[in-house]
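Just so you know, ligand 1 is whichever comes first in the structure, and atom 1 is the first atom listed for that ligand.
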Amino acid sequence: MTRLILVLGDQLTRDVAALRDYRPGDVVVMAEVMAEASYVPHHPKKIAFLFSAMRHFADQLRAEGIRVAYTLLDDPENAGSIAGELLRRAAAHGASEAIATRPGEWRLIDALEDCPLPVRQLPDDRFICPQADFDAWAEGRRELRMEWFYRDMRRRTGLLMDGDKPAGGRWNYDHDNRKPPPDALTFDGPLRFAPDDTTAEVLALVRDRFPSNYYSHDGFWFAVTREQALAALEHFISHGLERFGDYQDAMMTDRMFLYHALISPYLNAGLLGPLEVCRAAEAAWQGGRAQINAVEGFIRQIIGWREYIRGIYFREGPDYTARNALRHDRALPEFYWSGETEMHCVKQCIDQTMSEAYAHHIQRLMVTGNFALLAGIDPHQVHEWYLAVYADAYEWVEAPNVIGMSQFADGGVVGSKPYVSSGNYIHRMSDYCGHCRYAVKQKTGPDACPFNLLYWHFLDRHRDRFASNPRMGNIYRTWDRMDAERRATVLAEADAFLGRMDSGGRV
Ligand SMILES: Cc1cc2nc3c(=O)[nH]c(=O)nc-3n(C[C@H](O)[C@H](O)[C@H](O)COP(=O)(O)OP(=O)(O)OC[C@H]3O[C@@H](n4cnc5c(N)ncnc54)[C@H](O)[C@@H]3O)c2cc1C
Ligand code: SF4
């Protein structure tokens, strides 16, 4: 009996569970469907990246002699959804069951469960920590601190280990990292690839079917095959990794790429595996090509943060994206789509996002995320924005980062305190403030940096929740020491700013 093997757009590896189950006679089903391409207004470069990578992967499977039923987006028979395509292909091939690798999103897991064709969902074992192990680790803990989880992952993988001790004597070298932006860059950013014929065809399709006023279609350079992704990884390891730790939090005007890897779209789509990436970084350290502070910091992002975030998504369950612990309900300002704001830091991060479908972690967390949290924006709208605009965004990884880490909407599952800061942090870690119409040193008045006003506004309105947090007590004491008139001015000016923003005024 013919079986269908479903391969989703973010499962593009021979090693994915459903493909390991492949038997001669099975038919691999891959489909470009509108339901997936439009459930949020995805960045066209994200759609183009996935469609092109899918088409290349299908070619690779065919070259191995595997039967692939591939549905193009503009195929007149296209059923429009993954479940619909499974049913159509099952009827065409006489199949009575499908094998899938469990999707990274509850929405799609449910759609496969509800499909009239029986779909067996195998665990997605491309991750280092199986969900059952994560749940066992988390069970009974008062706080799910990433750092403890990360140490377990180091022991489990043996990465940067010297027997049962951390290599170099420390688990974490962040103390040596996180410097302000350098005067000059020695790394020109990620390896870029000229679109081949397949990508050019996909770009034309995407331009036609997903026209957009706010996103840029131009200058597509992502890797779309495993070979290209490996070359991009090697380029970063050879030229960027050495300074990753030093400058991982720095931000510079008009320099979109500092010393980051830009591999998250490849990792999340399956073109690269997390362990091979970490082993390549470890080998650079062993070969004397990168210092331990850089390599440890980089490996921590992958076996620590990435695995932890995924564990949280599946542990917390399908209601996670609806959480709103701080009861924030302001509409997402239009400038998140247009970049039309006077706040130079926000404008830089949004402009870059709209052109490249990329921003680095601190831009996402401490600029656009920080602003949304301070301003009290509805976390679900914030979540949908992040899910749409980044090429690496899938709900399993985006939601805990946004709902949890960035917006504190999960009430403290991911972070024990909210990531909020005044303009001072952005000033320290970037050159943005020097280009801004607002003055970062001004706390009140018409030129006061909005982050300064909103920072106190946030703390004041959430006093009941945070004042007793031991990590925030000092901040409240500083606020309380300010004279009452000054506090009233800060709050009134913050309210006026939010009012202008809500009424569509340029802020
Ligand atoms: C609000 C917010 C939203 C985010 N949304 C996403 C998202 O949708 N998809 C996504 O892959 N990452 C997301 N991240 C995490 C992180 O910003 C990106 O993984 C990173 O910027 C990708 O760029 P890079 O490859 O240059 O990363 P590098 O800085 O070079 O780091 C290397 C790798 O570490 C991993 N990594 C680092 N931090 C995290 C993290 N917090 N969670 C998961 N993986 C991590 C990524 O795979 C990344 O490729 C988000 C972070 C925040 C604060
Ligand atoms: S002054 Fe404030 S708004 Fe302007 S760039 Fe600096 S932090 Fe951003």
Side-chain angles (χ1 to χ4, degrees), residues 10 46 104 146 189-190 232-233 236 240-241 244-245 247-249 251 253 256-269 272 274 277-278 281 294 297-310 312-313 341-349 357-373 382-383 385-407 414-415 419 421-442 447-455 507:
D10 61 349
K46 176 183 183 182
M146 198 290 294
L233 171 65
F236 165 72
L241 176 62
F244 172 83
Y247 300 120
Q248 76 190 91
D249 290 3
M251 300 173 280
T253 294
M256 293 190 267
F257 309 120
L258 301 179
Y259 293 92
H260 293 90
L262 279 105
I263 53 165
S264 46
Y266 314 147
L267 269 170
N268 297 349
L272 295 175
V277 169
C278 293
F298 180 71
I299 287 177
R300 175 160 24 96
Q301 306 309 313
I302 297 174
I303 63 169
W305 278 111
R306 186 170 183 270
E307 296 283 327
Y308 168 87
I309 283 290
R310 182 180 162 88
I312 295 280
Y313 179 74
T341 168
E342 302 283 320
M343 293 177 283
H344 183 71
C345 53
V346 177
K347 180 171 178 51
Q348 278 285 307
C349 296
Y358 175 79
H360 75 60
H361 187 74
I362 292 301
Q363 294 174 307
R364 299 186 206 197
L365 184 65
M366 299 312 292
V367 180
T368 42
N370 187 15
F371 183 83
L373 179 57
V382 181
H383 147 69
W385 183 80
Y386 278 94
L387 191 56
V389 299
Y390 291 112
D392 57 21
Y394 304 87
E395 201 173 275
W396 67 265
V397 57
E398 173 275 336
N401 271 300
V402 174
I403 295 288
M405 188 187 305
S406 165
Q407 299 302 299
V414 170
Y419 278 96
S421 80
S422 67
N424 202 24
Y425 173 85
I426 295 172
H427 183 44
R428 198 166 69 245
M429 295 314 298
S430 77
D431 65 0
Y432 291 154
C433 299
H435 301 263
C436 189
R437 160 252 179 280
Y438 294 109
V440 71
K441 298 283 177 204
Q442 290 210 15
D447 294 332
C449 165
F451 283 83
N452 293 345
L453 298 171
L454 295 177
Y455 178 67
V507 292

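Ring planes of F257 and Y358: tilted class, angle from 30 to 60°.
With a heavy-atom cut-off of 4.0 Å, A393 touches ligand 1 through backbone and side chain alike. The parts of I263 lying near ligand 1 are both backbone and side chain, judged by heavy-atom distances below 4.0 Å. Contacts of N268 with ligand 1, taken as heavy-atom pairs under 4.0 Å, involve the side chain alone. Contacts of Y386 with ligand 1, taken as heavy-atom pairs under 4.0 Å, involve the side chain alone. Using a 4.0 Å cut-off between heavy atoms, F236 makes no contact with ligand 1 at all.
Screening H361, H383, R364, Q407 for a side-chain contact (heavy atoms from CB on, under 4.5 Å) with N401, the sole residue that qualifies is H361.
In the candidate list L267, L241, I303, L267 is nearest to atom 47 (O) of ligand 1, counting heavy atoms. For atom 3 (S) of ligand 2, the choice among M366, H427, M343 with the nearest heavy atom turns out to be M343. Considering each of G404, S264, P400, A372, the one bringing a non-hydrogen atom nearest atom 22 (C) of ligand 1 is S264.
Of the protein's non-hydrogen atoms, I302 CG1, 3.7 Å is the one closest to atom 33 (C) of ligand 1. The closest protein non-hydrogen atom to atom 4 (Fe) of ligand 2 is C436 SG, 2.4 Å. Atom 8 (Fe) of ligand 2 has its closest protein heavy atom at C345 SG, 2.4 Å. For atom 14 (N) of ligand 1, the nearest protein heavy atom (residue, atom name, distance) is N401 ND2, 3.5 Å. At the shortest separation from atom 45 (C) of ligand 1 among protein heavy atoms lies Q301 O, 3.8 Å. Residue, atom and distance of the protein heavy atom nearest to atom 7 (C) of ligand 1 are D392 OD1, 3.2 Å. Summary of contacts: the protein heavy atom closest to atom 2 (Fe) of ligand 2 is C449 SG, 2.4 Å. Atom 6 (C) of ligand 1 has as its closest protein heavy atom R364 NH1, 3.2 Å.
A donor-acceptor pair under 3.5 Å links the side-chain atoms of H360 to the main chain of I362, judged by distance alone. Using modelled atom types, no side-chain atom of D447 and backbone atom of A439 make a donor-acceptor pair closer than 3.5 Å. A donor-acceptor contact shorter than 3.5 Å links the side chain of T341 to the backbone of V507.
Shown here, atom 9 (N) of ligand 1 is in close reach of the protein: a heavy atom of it lies under 4.0 Å off.
Considering backbone and side-chain N/O atoms, Y394 never comes within less than 3.5 Å of an N/O atom of ligand 1. At under 3.5 Å, not a single nitrogen or oxygen of I309, backbone or side chain, sits near a nitrogen or oxygen of ligand 1. Checked against a 3.5 angstrom limit, the closest N/O atoms of H360 and ligand 1 fall outside it.
For G369 against Y386, the heavy-atom pair with the smallest separation is N-OH, 3.0 Å. Here the shortest heavy-atom pairing between P400 and I309 reads CG-O, 3.4 Å. A pairwise comparison of heavy atoms in Y419 and M405 identifies CD1-O, 3.3 Å as the closest pair. Nearest heavy-atom pair across N424 and N452 is N-OD1, 4.2 Å.
For ligand 2, the atoms closer than 4.0 angstrom to any heavy atom of V440 are 1 (S). Within ligand 1, counting atoms from 1 as listed, the ones closer than 4.0 Å to a heavy atom of A359 are 21 (O). Under a 4.0 Å criterion applied to the non-hydrogen atoms of Y438, ligand 2 contributes the atoms 1 (S).
The pair D392-K46 does not count as a salt bridge, with every side-chain nitrogen at least 4.0 angstrom from each carboxylate oxygen.
Annotation: side chain of E398 is not in contact with side chain of Y390 (no heavy-atom distance under 4.5 Å).
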Report task. For ring-ring contact (aromatic ring centres under 6.0 Å, His included), just list the numbers for F298 and F236, CA-CA rounded to whole Å, side-chain angles, deciding distance to a tenth of an Å, and then say yes or no. Result -> CA-CA 11 Å; F298 180 71; F236 165 72; 5.1 Å; yes
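Among the backbone and side-chain atoms of C433, an N, O or S atom lies under 2.8 Å from atom 6 (Fe) of ligand 2. Backbone or side-chain N, O or S atoms of H344 do not reach atom 2 (Fe) of ligand 2 at under 2.8 Å.
Atoms CZ and OG, on F371 and S406 in that order, are 12.5 Å from each other to the nearest 0.5 Å.
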